Participant: 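For reference, the structure I am asking about is given below.
Each residue takes its place number in the sequence, starting with 1. Keep in mind that this is a model prediction, so the values were computed, not measured. Just so you know, these numbers use all the heavy atoms, side chains as well, and skip hydrogens, waters and symmetry mates.
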Amino acid sequence: MTGARKPPIDPLTGPTTILEGRIVTMDAANTVIPSGRVYMKAGILTAMQSADAPEPAGFSGVSVTRTRGTLYPGLIELHNHLSYNALRLWAVPKKFSNRDQWGGIAEYRQRVSGPMTIIGETPELLPALVRYVEAKCLLAGVTASQGIALFSNAGVRRFYRGIVRNVEATDEAALPEAATRIADVDMQSASRFLERLKKGNCFTAKEADMGLVVINGVPRFGTPALFSALKVSGETVKIGSASRRLFLTQDTQDPQVGKISLSHAAEALRAALKKLPVLAKKLEKPKALMRGPSRDGAPVWRLALDEIADTGVSVRPRLPLGHRHTGARALAGAGTLPLSQIVQPLVLDPLSVAGDAEFLPSIRAQRNLPPWLAEELVSLY
């Protein structure tokens with residue numbers, strides 16, 4: 001007798017909705033519908049068609065929400081170390097020729113791998129971290145990304161369940177699980193990959209341009225006007241000077257994440273980053289080195305940061321460069337001094353570029369970016 005298939009991580013329970021606007025279908029012909037409607041029911045996009053076409057069956061009497069905007073499919077990122085998105089962009093001290101080189105330097109341990117080790121091994125911070133970095137995804141229109149992995153002292157690996165779809169764990173036949181390699185990008189040659197980047201086919205909308213983000217048919221981020229039209233409430237956030245709403249309730253998300261608001265998550269992370277040396281010292285005490293079950297027999301979870309500690313899984317693709325592959329497994333967590341002696345207080349990375357006066361200057365100053373690319377990135381804003 002075979003066991004029943006597990007239910008989908010994101011059950012198809014979304015509302016019946018009609019959105020009207022200019023539709024970019026992203027089909028093979030790059031079809032754009034100047035005035036169209038998107039029909040969604042129970043988490044399924046039922047139809048995309050001209051606004052004057054007859055409505056599909058099952059949508060009679062459903063009010064039309066006029067977005068006055070352009071409708072795109074949700075953005076999917078197949079490779080992003082989401083956990084690190086709480087940290088500010090690191091200003092590298094010199095130009096590196098490949099990513100094998102920076103993981104072992106002292107400043108990287110002080111500014112990046114050390115702080116993430118401390119946060120990742122402090123269980124009470126993990127729900128706040130998940131809430132915060134997922135909200136950053138939503139603000140940018142990202143509806144699916146890599147998962148945030150956990151690793152237990154019992155050798156078990158699992159993913160946090162949150163709002164943003166996880167391309168690595170769906171439990172859904174209609175949404176096959178994806179790997180980290182982006183199939184339609186020419187990655188067999190570093191020079192050809194660079195030429196692909198120079199084509200400049202970038203999505204140029206900014207966070208402040210996002211009027212609505214929908215996942216599984218459920219509005220998750222948007223303007224107060226559209227949230228009101230869709231009869232959704234939510235937590236208020238600021239994108240620069242503009243007000244937006246976030247709706248973060250979901251039955252299937254991890255209960256610990258569901259209990260925490262974005263504002264409380266940000267407050268917890270700010271406080272933790274300010275006292276990193278204190279948290280590191282606490283972890284260095286003998287009782288914090290326990291690797292067996294907790295007192296109640298439950299596993300003890302930490303972030304599975306594959307580049308800091310060997311968790312048995314590597315999510316980084318090894319791209320060929322000349323006659324060798326980059327990304328040799330040199331772990332960045334090693335060091336002679338305890339973390340409490342090297343880490344310093346840090347500042348939480350803001351939710352959006354619109355609220356971060358330092359981001360664009362830091363991009364322009366990045367020594368690892370070719371000057372033309374740095375200027376192109378800055379010009380997008």
Participant: Does some side-chain heavy atom of P219 sit less than 4.5 Å from a side-chain heavy atom of L212?
Facilitator: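 Yes; the side chains approach each other to less than 4.5 Å.
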Participant: Does R111 CZ have over 12 foreign heavy atoms under 6.0 Å away?
Facilitator: no
Participant: Under 4.5 Å between any side-chain heavy atoms of L125 and L279, yes or no?
Facilitator: yes
Participant: Hey, does the side chain of Q250 reach the backbone of G162 with a donor-acceptor pair shorter than 3.5 angstrom?
Facilitator: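 Side chain of Q250 to backbone of G162, a donor-acceptor pair under 3.5 Å: yes, one is there.
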Participant: Under a single-linkage definition using a 4.5 Å side-chain heavy-atom cutoff for Ile, Leu, Val, Met, Phe, Trp and Tyr, are I33 and L19 assigned to the same hydrophobic cluster?
Facilitator: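 Yes, because I33 and L19 connect within a single hydrophobic cluster, where side-chain heavy atoms sit under 4.5 Å apart.
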Participant: Would a 4.5 Å heavy-atom cut-off, applied to side chains only, mark I163 and L138 as touching?
Facilitator: yes
Participant: Got L89 and Q366 here, is their nearest side-chain heavy-atom distance under 4.5 Å?
Facilitator: yes
Participant: Around D251, counting heavy atoms of other residues, nucleotides and ligands shown, do more than 12 lie under 6.0 Å from its CG?
Facilitator: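 Check fails, neighbour count at 12 or below.
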Participant: Any side-chain to backbone donor/acceptor pair from K206 onto L380? Under 3.5 Å, distance only.
Facilitator: yes
Participant: Taking all non-hydrogen atoms of both residues, which atom of L283 and which atom of E121 are closest, and how far apart?
Facilitator: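 Taking every non-hydrogen atom into account, CD2-O, 3.4 Å.
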Participant: When clusters are formed by joining ILVMFWY residues with side-chain heavy atoms under 4.5 Å apart, either directly or through shared neighbours, do M40 and F227 land in the same one?
Facilitator: yes
Participant: How close do A135 and L246 get, heavy atom to heavy atom, and via which atoms?
Facilitator: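 Result for this residue pair: CB-CD1, 4.2 Å.
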Participant: Should V343 and I118 count as side-chain neighbours, where that means a heavy-atom distance under 4.5 Å?
Facilitator: yes
Participant: Under the side chain to side chain donor-acceptor pair (under 3.5 Å) rule, collect the residues that match up with E267, sequence neighbours excluded.
Facilitator: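 If we apply the side chain to side chain donor-acceptor pair (under 3.5 Å) test to E267, skipping adjacent residues, there are no hits.
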Participant: Side-chain contact test, heavy atoms from C-beta onward, threshold under 4.5 Å: evaluate it for Y39 versus T16 and give yes or no.
Facilitator: no
Participant: What's the verdict on side-chain contact (heavy atoms from CB on, under 4.5 Å) for L303 and M116, showing C-alpha distance, side-chain angles and the deciding distance?
Facilitator: CA-CA 9 Å; L303 284 178; M116 285 312 304; 4.0 Å; yes
Participant: Going through the checks in order, is the side-chain contact (heavy atoms from CB on, under 4.5 Å) test met by R109 and I342?
Facilitator: CA-CA 8 Å; R109 186 167 180 248; I342 67 166; 3.3 Å; yes
Participant: About how many Å separate OH of Y381 and CG of D356, when rounded to the nearest 0.5 Å?
Facilitator: 10.5 Å
Participant: Taking all non-hydrogen atoms of both residues, which atom of V133 and which atom of N85 are closest, and how far apart?
Facilitator: CG1-CB, 3.9 Å
Participant: Step by step, would you call E375 with R364 a salt bridge (Lys or Arg N to Asp or Glu O under 4.0 Å)?
Facilitator: CA-CA 6 Å; E375 290 302 323; R364 184 176 275 119; 3.0 Å; yes
Participant: Quick check: does any side chain N or O of Q146 sit under 3.5 Å from a backbone N or O of H81, one acting as donor and the other as acceptor?
Facilitator: no
Participant: Do L129 and S83 have side-chain heavy atoms sitting under 4.5 Å apart?
Facilitator: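 Counting from C-beta outward, L129 and S83 do come under 4.5 Å.
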Participant: Do the non-hydrogen side-chain atoms of I18 and S63 ever get within less than 4.5 Å of each other?
Facilitator: no
Participant: Group every Ile, Leu, Val, Met, Phe, Trp and Tyr by side-chain heavy-atom contacts under 4.5 Å, then state whether Y132 and F247 land in the same group.
Facilitator: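 Hydrophobic grouping puts Y132 apart from F247.
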Participant: Test T46 against V38 for side-chain contact (heavy atoms from CB on, under 4.5 Å), laying out the working first.
Facilitator: CA-CA 8 Å; T46 303; V38 172; over 6 Å; no
Participant: Does the Q49 side chain pair with the main chain of P54, one donor and one acceptor, at a distance under 3.5 Å?
Facilitator: yes
Participant: Report the distance from atom CG of N80 to atom CD of E77, rounding to the nearest 0.5 Å.
Facilitator: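 If I round to the nearest 0.5 Å, the distance is 4.0 Å.
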Participant: Is the ring pair F96/W102 parallel, tilted or perpendicular, if the boundaries are 30 and 60 degrees?
Facilitator: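 Perpendicular, since the angle between the ring planes exceeds 60°.
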Participant: To the nearest 0.5 angstrom, please state how far the CZ atom of R270 sits from the NZ atom of K275.
Facilitator: 15.0 Å
Participant: Mark yes or no for whether D254, through its side chain, and V257, through its backbone, hold a donor-acceptor pair below 3.5 Å.
Facilitator: no
Participant: Look up atom CG in L82 and atom OG in S145, then write down how far apart they are to the nearest 0.5 Å.
Facilitator: 4.0 Å
Participant: Yes or no on side-chain contact (heavy atoms from CB on, under 4.5 Å) for F221 and V214, after CA distance, side-chain angles and deciding distance?
Facilitator: CA-CA 7 Å; F221 171 72; V214 176; over 6 Å; no
Participant: To check you understand the geometry: which heavy-atom pair defines the closest contact between P115 and V112, and what is its length?
Facilitator: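 For P115 versus V112, the nearest heavy atoms are CD-O, 3.4 Å.
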Participant: Please evaluate residues T70 and R22 with respect to the criterion side chain to side chain donor-acceptor pair (under 3.5 Å), reporting the C-alpha separation (whole Å), side-chain torsions for both, the decisive distance (0.1 Å), and the verdict.
Facilitator: CA-CA 5 Å; T70 298; R22 175 175 176 262; 3.3 Å; yes
Participant: Within the side chain of T67, is there an N or O that forms a donor-acceptor pair under 3.5 Å with the backbone of E20?
Facilitator: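 A pair under 3.5 Å: yes.
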Participant: Compare every heavy atom of R131 with every heavy atom of L262, then report the nearest pair and how far apart it is.
Facilitator: CA-CG, 4.0 Å
Participant: With rounding to the nearest 0.5 Å, note down the distance linking CD in E358 to CG in D349.
Facilitator: 9.5 Å
Participant: Testing V164, I215, L75 for side chain to side chain contact (heavy atoms under 4.5 Å, CB included) with T143, which one passes?
Facilitator: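 For T143, the side chain to side chain contact (heavy atoms under 4.5 Å, CB included) check succeeds only for I215.
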Participant: For a quick test of reading the model, state the closest non-hydrogen atom pair linking P224 to R244 and the distance between them.
Facilitator: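 Heavy atoms of P224 and R244 come nearest at CD-CA, 4.3 Å.
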Participant: Indicate if F59 and L45 have the same hydrophobic cluster label, given that clusters are the connected sets of ILVMFWY residues with side-chain heavy-atom separations under 4.5 angstrom.
Facilitator: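 Result: no, two separate clusters.
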Participant: Got a second to check how far Q110's CD is from Q344's CD, nearest 0.5 Å?
Facilitator: 4.5 Å
Participant: When you group the ILVMFWY residues by side-chain heavy-atom contacts below 4.5 Å and let the links chain together, are V237 and V232 in the same group?
Facilitator: no
Participant: Verify, without hydrogens or angle tests, whether S228 (side chain) and A225 (backbone) share a donor-acceptor contact under 3.5 angstrom.
Facilitator: no
Participant: If you measure only the distance, is there a donor-acceptor pair under 3.5 Å linking the side chains of R161 and N166?
Facilitator: no
Participant: Any donor-acceptor pair under 3.5 Å linking the side chain of Q253 with the backbone of T249?
Facilitator: no
Participant: Consider only side-chain N and O atoms of S352 and K136, and report whether a donor and an acceptor are under 3.5 Å apart.
Facilitator: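 Judged by distance alone, the side chains do not pair up.
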